[in-house]
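To start, the structure under review is shown below, and the notes come after it.
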Amino acid sequence: MSNTKYRSEITGVGSFVPPKVYTNFDLEKMMETTNDWIVQRTGIEQRHWVDDNVSNSDLAFEASVRAIKNAGLERSDIDMIIFATLSPDHEFPGTGCFLQAKLELPEIAVLDIRQQCTGFLYGLSIADKFIQSGSNKNILVVGSEVHSKGLDKTPNGRNVAVLFGDGAGAVVVSRKELVNPATDSRIITTHLHADGSFAKELWIPAPGTALGADRINNEMIAEGMHYPQMNGKTVFVHATKRMAECLVSACKEANVTFTDVDLFLFHQANLRINSKVAEMLSIPEEKIFNTIQNYGNTTAATIPLGMDDAIKAGVLKKGMLVASAAFGSGFTWASAVWRY
Ligand code: ACO
């Protein structure tokens, strides 16, 4: 049962991207693409990709250490990890367990969630519920991806490979006493949705137990079934519609208007998706903080990575009202309104 005397405050934010940058011009040499094609259709100018010896949990570790430090906490203060990714270290266990070991945390609960681009907002919502119930004090919510090792970087995969980058973002959600609901820093509302009838519009088919005895075999690999498959036009149409819809419902539930919102921190799949959402809802573009130019689509990491960059740039300041929305594979979509 919810306990209304608590609020969930984002007390620390951190991020990490691997140092090596690949510009669109670098990709021109790999996969018969052009800088113009990528910039015009997506807004992406560069992305960071890991070296071979770096894993997802390595990126997550760096982002988490920064988030915990920025929250003014010790690692031992964290009492739960919620980890969102679609590019795990290994098939199982969840990457949150590998992160917990790297952080040398005691036997706290670790929960991995598989909601792709929407994963961070799903994680934030779950953290909010655990905090408000009174059961937890400081939950680490992480979104982290290593896409670069799972992309077809030949001309065959160029429609997808140019879109994705590696990176991690983390926040600490802390339990505080609710004093003034109108002005307290807190997660005000979260809205989570999915429609599995579109699952195969954006997915990685193999390996999978739905594929017969092998899960994966040489024929599947030859067909590229272990690489992401995307129907880009369908994703575009649904992303704009669903992000707009769930922003409207979150702001309504929070009893705020788009004018009241100081900053919009959207998932970073494509600059054109975010511009379209802004146009549909008459949101001034300057209120949207985009980072896709620098990182590409880092899926579960885009929102916490954007938060951290916005804080560092002085764009996101304590007390501001923020609205977030995301859309991704599943299809899944989600929104949140929160006061930083
Ligand atoms: N470089 C050069 N040419 C390319 C590339 C590339 N990287 N990729 C595809 N093309 C070519 C195609 O072969 C095609 O050529 P043709 O006309 O000779 O057949 C042409 O460009 C147009 O291809 P389309 O796939 O129709 O391109 P479209 O205009 O739909 O743009 C894009 C593709 C950018 C992916 C678009 O569909 C889109 O924005 N979709 C949204 C999906 C998205 O952003 N997904 C991100 C992940 S999901 C998420 O996070 C929500």
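In listed order, ligands and their atoms are each counted from 1. Values in this document were obtained by computation on a predicted structure and should not be read as measured data.
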Practice task
Could you tell me whether K137 and D79 make a salt bridge, using a distance below 4.0 angstrom between a side-chain N and a carboxylate O?
Solution key: no
Exercise for the section: Flag atom 37 (O) of ligand 1 as yes if some protein heavy-atom distance to it falls below 4.0 Å, otherwise no. Expected result: yes
Problem - Short N-O contact, D58 and K102, less than 4.0 angstrom - result: yes
Problem - Protein residue, atom and distance nearest to atom 27 (O) of ligand 1, heavy-atom basis - result: R41 NE, 3.7 Å
Practice task
Any chance you could lay out the ring pair (Phe, Tyr, Trp, His ring centres under 6.0 Å) test for F327 and H267, step after step, and finish with the verdict?
Solution key: CA-CA 7 Å; F327 179 90; H267 171 52; 8.8 Å; no
Exercise for the section: Count the heavy atoms of every other residue, nucleotide or ligand shown that sit under 6.0 Å from CZ of F130, and state whether that count exceeds 12. Expected result: no
Handout entry: Short N-O contact, E9 and K176, less than 4.0 angstrom
Key = yes
Completion exercise
Nearest non-hydrogen protein atom to atom 51 (C) of ligand 1, with distance, is F327 O, 3.1 Å
Problem - For ligand 1, the portion of V162 having any non-hydrogen atom under 4.0 Å away - result: side chain
Handout entry: More than 12 heavy atoms of other groups within 6.0 Å of K20 NZ
Key = no
Practice task
Go through ligand 1 atom by atom and flag the ones less than 4.0 Å from a non-hydrogen atom of N159.
Solution key: 8 (N), 9 (C)
Fill in the blank from the handout: atom 6 (C) of ligand 1 has as its nearest protein heavy atom T33 OG1, 3.3 Å
Exercise for the section: Determine, counting only non-hydrogen atoms of the protein, whether one lies under 4.0 angstrom from atom 17 (O) of ligand 1. Expected result: no
Practice task
Might you confirm whether atom CG of D36 has over 12 heavy atoms from other residues, nucleotides or ligands at distances under 6.0 Å?
Solution key: yes
Fill in the blank from the handout: heavy-atom search around atom 45 (N) of ligand 1 in the protein gives M230 SD, 3.2 Å
Handout entry: Heteroatom distance test (N270, ligand 1): nitrogen or oxygen, under 3.5 angstrom
Key = yes
Fill in the blank from the handout: The closest protein heavy-atom partner of atom 21 (O) of ligand 1 is W37 NE1, 3.1 Å
Handout entry: Salt bridge flag under 4.0 Å for residues E28 and R158
Key = no
Problem - Closest protein heavy atom (residue, atom, distance) for atom 41 (C) of ligand 1 - result: G232 O, 3.3 Å
Problem - Protein heavy-atom partner closest to atom 14 (C) of ligand 1 - residue, atom, separation in Å - result: R158 NH2, 4.9 Å
Fill in the blank from the handout: In this structure, atom 30 (O) of ligand 1 is nearest to the protein heavy atom K233 NZ, 3.0 Å
Problem - Proximity of T299 to ligand 1 by residue part, where a heavy atom lies under 4.0 Å - result: neither
Handout entry: C117 N/O to ligand 1 N/O under 3.5 Å
Key = no
Problem - Passing candidate, side chain to side chain donor-acceptor pair (under 3.5 Å) with R47, options N24, D26, T298, D166 - result: N24
Practice task
Compute the minimum heavy-atom distance from H267 to ligand 1 and say whether it is under 4.0 Å.
Solution key: yes
Exercise for the section: Answer side chain, backbone, both or neither: which part of N297 comes under 4.0 Å from ligand 1, heavy atoms only. Expected result: side chain
Practice task
Test the K149-W49 pair against the cation-pi criterion, namely NZ or CZ under 6.0 angstrom from the six-membered ring centroid and within 45° of the ring axis.
Solution key: no
